[in-house]
Amino acid sequence: MRIFQKVLPVLIMITAPLLAANGQPSDSLPVYESPDSIIVIGNRFSTSLKNLAYSYQTISGKEVERLSSHSALELVDINFPSAFVLENKVLGYGVGTVGAGMVSLRGMGGKPNTGVLVLLNGHPDFMGIFGHPLPDVYGMDDIQRVEILAGPASTVFGDHALGGVINLVTRPNYNRLIKINTEGGSYGTYSYGLTLTKKIQNNGLFFTVRRQKTEGHVKQSGFESLHLQGGWQYRINSVWDLMIQGRYVPFKFDDPSRGDLDRLNIGAYADIRRGMAEISLHNQSKLLRGSFQLYTNLGRHKFYDGFKSNDFSYGFSAYQFWQFKPTISLAGGLDALYYGGKAKNDFARLPNGKPVVNPDAHQLTSMGMYGMVFYAPLPQINLKAGVRYQYNSLPSSQISPFAGISYTTANHFQFYANYQTGFRTPTLMELYLFPSANENLKEETVQSFETGVTYNPAPGKSFRITVFKNKARDLIQAIPSKTPPPPVVFQNGPKSDQWGVEGSLLYRLSPFLSARLAYGYLDPDILTAYNPKHQFKYALYLEKRHYYLTIYGKYVQELFAGNNQQMALPDYHVLNAQIGLRAKSLEVYLRFFNVLDRLYYSRPDYRTPGRQARIGLNLRIR
């Protein structure tokens, strides 16, 4: 099927005349930031949208609240052209070799995902041993916005940012005192939550509890979780703001790939408990803005086969952005992270009697600093450059540079080009945990070149097209051992040269109707695992005073479950819809997933859920 080769040229040809038409703004439709808006990227540095010169996209908290069924990462998959988020359950992603939640951006990600950096309020968030993010912990409550920065971004954000960065910004909404949500539907699925927020002079208190559970769409695919999160915010003065917050998320999930074997009578594939906390001090003045953060992430994982682990991470970060002159801005920061853990499996032994899982505790320390310069020699020209130095106690070190240029025309076009770099330190699992581990591994690296054009003529109208090329080196892969056992050993070796195209269009058809189209083409080279060649995504938003309707979906073509085009999966099209009715503080809504009841697979032997329906209710009390 060659439909995608035809879609992109047509999209380009129709975009200019469509965007030239006039329209009226409407705050109730998807958020669009006007050409002179100031945005803060990843909590690290500020720039105006017209000088952005990045493949950057934000998703509003309102859209997350409305369309997410269990995690804010769902919206990344729905919105960004080249993003692919693996899902195979009614609720939840899970972890481990059979888990989903893998995020890919521009062909980089991995399974488990260690190539896309997920940030929580600007600081890295990952499992200390395996190095992957924890999508079942993030949930969908108290999300102010989701930021997506595509392409290698280690200059500013450090380790793991090979394919890009996803930053989840959480903030309480003090415009309401109480929010109650309840929802239920197909496959014995239910979710209910309570959020309390209260602002008292310079103090703000917030708390959220949410319970979710499903029986699953096939035998042994259930999931259940409890989310507890809350905190305290204190406005010290007009410049300084203090926030202390944390969350605790125990969850269990099952997976049919384990069959009927449950030797330990755990009753579920995995029982996981995660806790995290952060203390952040933010400053914002006319010339200087930034933050200082202390954070931690702790976890206990217990699997049905006897595998148990405890992991930790403790971090500190400091970032500042300085408007030195009207034409010159400076950004810089430093960060330190101490992470590690230990694991064991008393039931898994090698033929020589030694344990399969290395039971020793391991930990690493990572420290880095970066600086960036933004210079506008002319109002329409913007230059930017930066560099990071990173040290890891392996020992190893990396230098990660960045450079970019943009030119903005008087008629709202912007042309930009960037050189970006990224790196990933081997995880403790790859270094020490299993017989396939290799203590001599080096960092994975990637260099990327992108060029693109954006057109933002008016609120509610925007178009972007980007072409990029990745040069990934020293990729860590499990390669057959020359002297088994073990049968495979982690080694640096393969390289991958990828290229792709991203296109997106947001068009407001009327004050109450807007549409979004996105297309991503990717030549993934050897990294074909969950890196589809073609993705076409669409959404239609209808918003009136007392009701709304959202229709959205995607078509995926040439998807594989393994690298080197192994384990081909069928092409598929998923269509979803949601309709809601509002009356003052009460909202009732209906969700429909996979409306067309299409059969598709996340693994060759595992079909994903069919048609689903859920009904929900939101009550907001001010």
Original post:
Between the side chains of Tyr192 and Gln212, does any donor sit under 3.5 Å from an acceptor?
Top reply: no

Original post:
Counting distance only, does the side-chain N/O of Thr296 pair as donor-acceptor with the main-chain N or O of Ser313 below 3.5 Å?
Top reply: yes

Subject >> His70/Ser68 under side chain to side chain donor-acceptor pair (under 3.5 Å): CA gap, chis, key distance, verdict >> reply: CA-CA 6 Å; His70 60 95; Ser68 290; over 6 Å; no

Subject >> Validation row: Phe84, Gln535 side chains within 4.5 angstrom (heavy atoms) >> reply: yes

Subject >> Pair Gln233-Tyr174, side-chain donor/acceptor within less than 3.5 Å >> reply: yes

**OP:** Could you check Arg516 against Tyr507 for side-chain contact (heavy atoms from CB on, under 4.5 Å), going step by step and ending with a plain yes or no?
**Re:** CA-CA 6 Å; Arg516 175 176 46 78; Tyr507 182 66; over 6 Å; no

**OP:** Would you indicate whether the side-chain heavy atoms of Arg210 and Ser191 approach each other to under 4.5 Å?
**Re:** yes

Original post:
Met243 versus Pro172: any side-chain heavy-atom pair under 4.5 Å?
Top reply: yes

**OP:** Evaluate the side-chain proximity of Tyr572 to Thr608: yes if any heavy-atom separation is below 4.5 Å, no if none is.
**Re:** no

Original post:
For Phe468, is the NZ or CZ atom of Arg106 found under 6.0 angstrom from the centre of its six-membered ring and inside 45 degrees of the ring axis?
Top reply: yes

**OP:** Please name the pair of heavy atoms, one in Tyr530 and one in Leu559, separated by the smallest distance, quoted to 0.1 Å.
**Re:** CA-CD1, 3.7 Å

**OP:** Begin from the C-alpha positions of Leu575 and Phe593 and carry the test side-chain contact (heavy atoms from CB on, under 4.5 Å) through to its verdict.
**Re:** CA-CA 7 Å; Leu575 172 65; Phe593 300 99; over 6 Å; no

**OP:** Please examine the side chains of Tyr304 and Asp271, heavy atoms only from C-beta on, and report whether any two atoms are closer than 4.5 Å.
**Re:** no

**OP:** Decide if the gap between the ring center of Tyr606 and the ring center of His217 is smaller than 6.0 angstrom.
**Re:** yes

Subject >> side chain to side chain donor-acceptor pair (under 3.5 Å) evaluation trace for Arg464 with Ser462 >> reply: CA-CA 7 Å; Arg464 178 176 65 86; Ser462 66; over 6 Å; no

**OP:** Please say which of Arg171, Gln229, Arg247, Gln245 ends up in a side-chain hydrogen bond (donor to acceptor under 3.5 Å, both in side chains) with Asp142.
**Re:** Gln229

Original post:
What closest approach, in Å, do Phe126 and Arg274 show between heavy atoms, and which atom pair accounts for it?
Top reply: O-NH2, 4.4 Å

Subject >> Heavy-atom pair of closest approach, residues Asp571 and Glu558 >> reply: OD1-N, 3.0 Å

Subject >> Residues Thr528 and Asn563: side-chain donor-acceptor under 3.5 angstrom >> reply: no

**OP:** Indicate the ring-plane relationship of Tyr555 and His573, choosing parallel, tilted or perpendicular according to the 30° and 60° boundaries.
**Re:** tilted

Subject >> Intermediate values then yes/no, salt bridge (charged side-chain N to carboxylate O under 4.0 Å, His left out), Lys179 and Glu65 >> reply: CA-CA 12 Å; Lys179 178 195 170 186; Glu65 182 179 10; 2.6 Å; yes

Subject >> Basic-acidic side-chain contact under 4.0 Å: Glu87, Lys89 >> reply: no

**OP:** May I ask you to check whether Asp125 and Asn297 show a side-chain donor-acceptor distance below 3.5 Å?
**Re:** yes

Original post:
What about His534 and Tyr521, are their ring centers closer than 6.0 Å?
Top reply: yes

Original post:
Is the shortest side-chain N to carboxylate O distance from Arg582 to Glu587 below 4.0 Å?
Top reply: no

**OP:** Walk me through it: do Glu224 and Lys252 pass the test salt bridge (charged side-chain N to carboxylate O under 4.0 Å, His left out)?
**Re:** CA-CA 5 Å; Glu224 60 178 302; Lys252 298 179 180 180; 5.4 Å; no

**OP:** State whether Tyr190 and Lys213 meet the cation-pi test: NZ (Lys) or CZ (Arg) under 6.0 Å from the six-membered ring centroid, and within 45° of the perpendicular axis.
**Re:** no

**OP:** Of all the heavy-atom pairs spanning Leu73 and Pro135, show the shortest one and how long it is.
**Re:** CD1-CB, 3.5 Å

Original post:
Hey, what's the ring geometry for Phe253 with Phe251, parallel, tilted or perpendicular (30° and 60° as the breaks)?
Top reply: parallel

Original post:
Got a salt bridge between Arg300 and Asp311, using NZ or NE/NH1/NH2 to carboxylate O under 4.0 Å?
Top reply: no

Original post:
What are the two closest non-hydrogen atoms of Asn594 and Pro609, and how far apart are they?
Top reply: ND2-O, 3.2 Å

**OP:** Decide yes or no on side chain to side chain donor-acceptor pair (under 3.5 Å) for Gln578 and Tyr548, but give the supporting numbers first.
**Re:** CA-CA 8 Å; Gln578 181 166 328; Tyr548 66 86; 3.1 Å; yes

Original post:
With side chains defined as the heavy atoms from C-beta onward, is the minimum distance between Asn167 and Val146 less than 4.5 Å?
Top reply: no

**OP:** Using the side-chain hydrogen bond (donor to acceptor under 3.5 Å, both in side chains) rule, pick out the option among Asp141, Asn181, Thr208, Asn173 that qualifies with Thr195.
**Re:** Thr208

Subject >> Check: Ser510/Arg508 side-chain N/O donor and acceptor closer than 3.5 Å >> reply: no

Original post:
Where is the tightest heavy-atom contact between Val116 and Met108, given as atom of each residue plus distance?
Top reply: CG2-O, 3.3 Å

**OP:** Drop me the distance from Gln220's CD to Asp254's CG, to the nearest 0.5 angstrom.
**Re:** 5.0 Å

